[in-house]
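All ligand and atom numbering here is 1-based and tracks the order in the structure.
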Amino acid sequence: MAERAGRRCCLGWDFSTQQVKVVAVDAELNVFYEDSVHFDRDLLEFGTQGGVHVHEDGLTVTSPVLMWVQALDIILEKMKASGFDFSQVLALSGAGQQHGSVYWKAGASQVLASLSPDLLLHEQLQACFSISDCPVWMDSSTTAQCRQLEATVGGAQALSCLTGSRAYERFTGNQIAKLYQQNPEAYSHTERISLVSSFAASLFLGSHSPIDYSDGSGMNLLRIQDKVWSQACLGACAPHLEEKLGLPVPSCSVVGAISSYFVQRYGFPPGCKVVAFTGDNPASLAGMRLEEGDIAVSLGTSDTLFLWLQEPTPTLEGHIFCNPVDPQHYMALLCFKNGSLMREKIRDELASSSWSEFSKALQSTEMGNCGNLGFYFDVMEITPEIIGRHRFSAENHEVSAFPWDVEIRALIEGQFMAKKIHAEGLGYRVMPKTKILATGGASHNRDILQVLADVFGTPVYVIDTANSACVGSAYRAFHGLAAGTDVPFSEVVKLAPNPRLAAAPTPGASQVYEALLQRYAMLEQRILTQTRGPPE
Ligand SMILES: O=C(CO)[C@@H](O)[C@H](O)CF
């Protein structure tokens, strides 16, 4: 993309599972430069698939830290070769895949502080890590450590109230516990443990960057109410852990100025500020400019809900994180595994694999589906843990089949009623100004979005989130420039392009779904009781 001279800007980085990506955003919040390096395609020597190595046990999943370092070298050299004017960069921030962890070997901080501008980063950091393969969010090898952690603090619900989530295998505290137990020598040679986000920030800082509150909430270690490490959780995972983590900081913090390496090698201005990096999902919330009371619904293979919460109600489902743009508030993530996976299966089975036929079924059936309700989980659902297809008549009798058009509406209404019910279980409440931001493949189907608007009783907007973590990071960098002035994030990003209205709730929708939602919740509990016994 051509670069106009003298364009003051901020950079937003994303160290995601499959690539490192960067965008440059100008003062009018226009994205005018973007680039990326794909690990599988551009760094073949590391031999990753989807950016990771799945180990023989089928549970352990890691990524090579030097692959991430080398990817940054490649992008910066590409930007330099393209004539990008680094001298115009006022600040930068970034995102990293959540939960992953990087283990810096003793002495690394001295190397970071004295990098030679004549060499690439990866040529100088080869010996700076006590383990070269970092556990990432797809790892599920720490079940024993999860049970130990929950037992230490009084159970799963107690851990959720403390840290925002019950113990999850991918969460960093459990990964650190596993490393300490299985490789104590590497652990003892580790001077600092970073998340992927704070590791990336450290490269730009030339020193160890602190972990921010929002990404730190994905570790099962941070007390989300008072934003300090939980001594009980630290002690349950590994000794001397607090000194290896450093103190967490507010996500909007300026953590320092860019290191001289980048000034001398690439021409960044010495005063270029580094704003704390955060997790990819918190950065996406910033990129979507979610506000209090809003919901973002990512309709992909699995569906993900991003919620903005004032007062969270931690449960055994979903995750509560500290909010990345408002230190007083929170965000929540809820994952529904049977997303497009089910929508496409039912489309193929009943609508001749045609979305237009699928839409006709939604257009020809009425809101509330004459009281028919369905639960469609061909793989074990996460929220809640149910599997199979379950259909109920208006009289709550389980039936074996619905007419094709009733089945299609029952699928979509059921998916969205589940989202509303479980979002409210986390403390979410629809507010008068609430809007839903829909993203992902299914957000291109207006009839599906109409059902979403009707079930929630709120307008649905569509927004392009292709670069949401990067763009959100650039927005957070601009917000960092205003640090100390109490300018709210929403004020900093008000010039950004607005989402487009896609569907408004049908008059009378709230009345229809108020009763149906209660039945759906009751029947969901009935299925859970039948499949796993009465609640504890
Ligand atoms: O584990 C996750 C969130 O809890 C994933 O969305 C990772 O952040 C993806 F990188």
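A distance below 6.0 Å separates the ring centres of Phe204 and Phe262. Aromatic rings from Tyr520 and Phe375 are positioned such that their centres are separated by under 6.0 Å.
Contact shell of ligand 1 (protein heavy atoms, cutoff 4.0 Å): Thr17, Gln97, Gln98, His99, Trp137, Arg170, Asp280, Asn281, Leu333.
For residues 417-427, every residue pair satisfying the side chain to side chain donor-acceptor pair (under 3.5 Å) rule, not counting sequence neighbours, is listed here: Asp303-Lys419, Glu317-His422, Lys420-Glu424, His422-Glu524.
For the salt bridge (charged side-chain N to carboxylate O under 4.0 Å, His left out) test, residues two or more places apart in sequence or in another chain that qualify with Lys78 are Asp35. By the ring-ring contact (aromatic ring centres under 6.0 Å, His included) test, Phe171 pairs with His99, Tyr168, His319, sequence neighbours left out.
Heavy-atom contacts from other residues, nucleotides or ligands closer than 6.0 Å to CD of Glu311 number 12 or fewer.
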